[in-house]
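Beneath this line is the structure, given in structure tokens, with notes to follow.
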Protein chains: 2
Amino acid sequence: MANFFDASDISPSKKRILQSALTLFVEKGFFNTSIPDLVEHSGVSTGSIYHAFKDKEALATELMHHLLATIEAEQADILARHQTVKARYFALVEWMLRFAEAYPDVEQFILYARHKEFMPSVKPICSAKPFMTLRDVILEGQETGVLRQMDVMVASSIAYGSVLRLIQLYLDGVLSTPLMTHFDELTEAAWRALAAE
Amino acid sequence: MANFFDASDISPSKKRILQSALTLFVEKGFFNTSIPDLVEHSGVSTGSIYHAFKDKEALATELMHHLLATIEAEQADILARHQTVKARYFALVEWMLRFAEAYPDVEQFILYARHKEFMPSVKPICSAKPFMTLRDVILEGQETGVLRQMDVMVASSIAYGSVLRLIQLYLDGVLSTPLMTHFDELTEAAWRALAAE
DNA sequence: GTCTATACTCAGATAGAC
DNA sequence: GTCTATCTGAGTATAGAC
């Protein structure tokens, strides 16, 4: 899961702009990143940026789109490799933790940027497909009877809220140990809360 | 828990500015709220705003300070009224849910604004006192043996991450039912994950 | 498609009268 | 302490040559 912009038909300069945008938006935030900042960091001129993207907002939107696409692909891959609900849940959590450790900047941007502040048209992140995928695994568990009956959103909050919270603590520098250190404790506790008696 | 700026020695116009700032920062975000916006909404002039606050960032910082102070006071109140760890945890969660329903805007600003983007000097929110207080209840439970031994941060993530996640879903409009509907399911599941055998 | 130069807007902040 | 008027600069976006 190396490069987020490898896919398809992106021109080289567009790729460099997206790469710089990811770095700078994460580091300083969308509003604190000016076009001149992007020009300096990417080595691509103002004119070319506006040739490649309608405006700054469109640039952010497209960036978001690419990141989500990569994430969706990885999730699909995990689901394909694991069949039972328990295996899927554990594998997805492991992937979430590893992803956050490998790409803290991307994780930060995806999870905690206030997207609607600079992309008014885009839907809230938790309505995005990757979050649906996570929820669907819980739903599947409830339907097959592996997980106890309760409101799906509540069950999902237990299942992933704890994980996301730990990731946030990690990203904020509160955690002193690597994320994966806590994989077993975390998943076993969550599973205890969710599994059918 | 009505007014966040009632306390102490705030001048009337300062109070109006803070009130407007809370509304607008939440509605449109810090960067999308201009000083002219604040002037129009509060009815206080530019000059008076800059008389009351050093600059826009200081305004945001002071706003944050007031909100956190109110929250700390309410938490202290809850702890004073409940003695056992279980009672305290359940009461704190109930308060979190009720608070989010009563003051969605404040909750949104406290939890999900990217504070460091406009208040570079302020520490991450999860290092703030209210979050310490939540964690300390878990710590107390582990020390008294009511809760099972595990990393405190992991236990806290289970205990409150699920709650915060549900709140986020609520604030994003994904939940169709009132938050308190899920109080029992949520707390019982979390407790199941955390309680000693 | 890429660049440089530039136009235009409007935000943040200040000066200074009352 | 409150206001109006104003400055200054940064930042988005465009024009137009190559």
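For the numbers below, each heavy atom of this structure counts, side chains included, while hydrogens, waters and symmetry mates do not. All chains are named by letter (A, B, ...) in the order of the sequence lines, taking the proteins before the strands, and each is independently numbered beginning at 1.
The interatomic distance linking B:His51 (NE2) with D:dC3 (P) rounds to 11 Å, in whole Å. A straight line from CD1 of B:Ile17 to C1' of D:dC3 spans 13 Å, rounded to a whole angstrom. Distance, B:Lys15 NZ to D:dG1 C1': 17 Å, rounded to whole Å. Here D:dT14 presents its C1' atom at 14 Å from NZ of A:Lys54, a figure rounded to the nearest Å. We find that CD1 of A:Ile35 is positioned 8 Å from C1' of D:dG11, with the value rounded to whole Å. Rounding to whole angstrom units, CD of residue B:Glu40 and C1' of C:dC10 are separated by 15 Å. For A:Asn32 and C:dA11, the CG to C1' distance is 14 Å, given to the nearest whole Å. Here the C1' atom of nucleotide D:dG11 and the CG atom of A:Asp55 are 14 Å apart, to the nearest Å.
OP1 and OP2 of D:dG1 both lie 4.0 Å or more from every side-chain N or O belonging to B:Ser13. Put simply, B:Ser48 has a side-chain N or O that comes within less than 4.0 Å of OP1 or OP2 on D:dC3. The phosphate of D:dG1 (OP1 or OP2) has no side-chain N or O of B:Ser11 nearer than 4.0 angstrom. Residue A:Tyr50 has no polar side-chain atom (N or O) positioned under 4.0 Å from OP1 or OP2 of D:dT14.
Taking only side-chain atoms of B:Pro36, from C-beta outward, the nucleotide of D:dA13, C:dG1, C:dG12 with the closest atom is C:dG12.
Using modelled atom types, no side-chain atom of B:Glu107 and backbone atom of B:Glu101 make a donor-acceptor pair closer than 3.5 Å. Between the side chain of A:Tyr170 and the backbone N or O of A:Ala100, no donor-acceptor pair lies under 3.5 Å. Remark: the backbone N or O of B:Thr133 is not paired with any side-chain donor or acceptor of B:Asp136 at under 3.5 angstrom. Not a single donor-acceptor pair under 3.5 Å links the side chain of B:Glu72 to the backbone N or O of B:Lys129. Without hydrogens or angle criteria, A:Asp172 side chain to A:Val174 main chain gives no donor-acceptor distance under 3.5 Å.
As judged by a 4.0 angstrom heavy-atom cut-off over every strand, A:Ser45 is placed among the base-contacting residues. Using a 4.0 Å heavy-atom cutoff across all strands shown, A:Thr46 reaches at least one base atom of the nucleic acid.
Looking at which nucleotide of DNA chain D each of B:Lys14 and A:Asp37 is closest to, the 5′-most match is held by B:Lys14. Both B:Gly47 and A:Gly47 lie close to DNA chain C; mapped to their nearest nucleotides by heavy-atom distance, the more 5′-ward contact belongs to A:Gly47.
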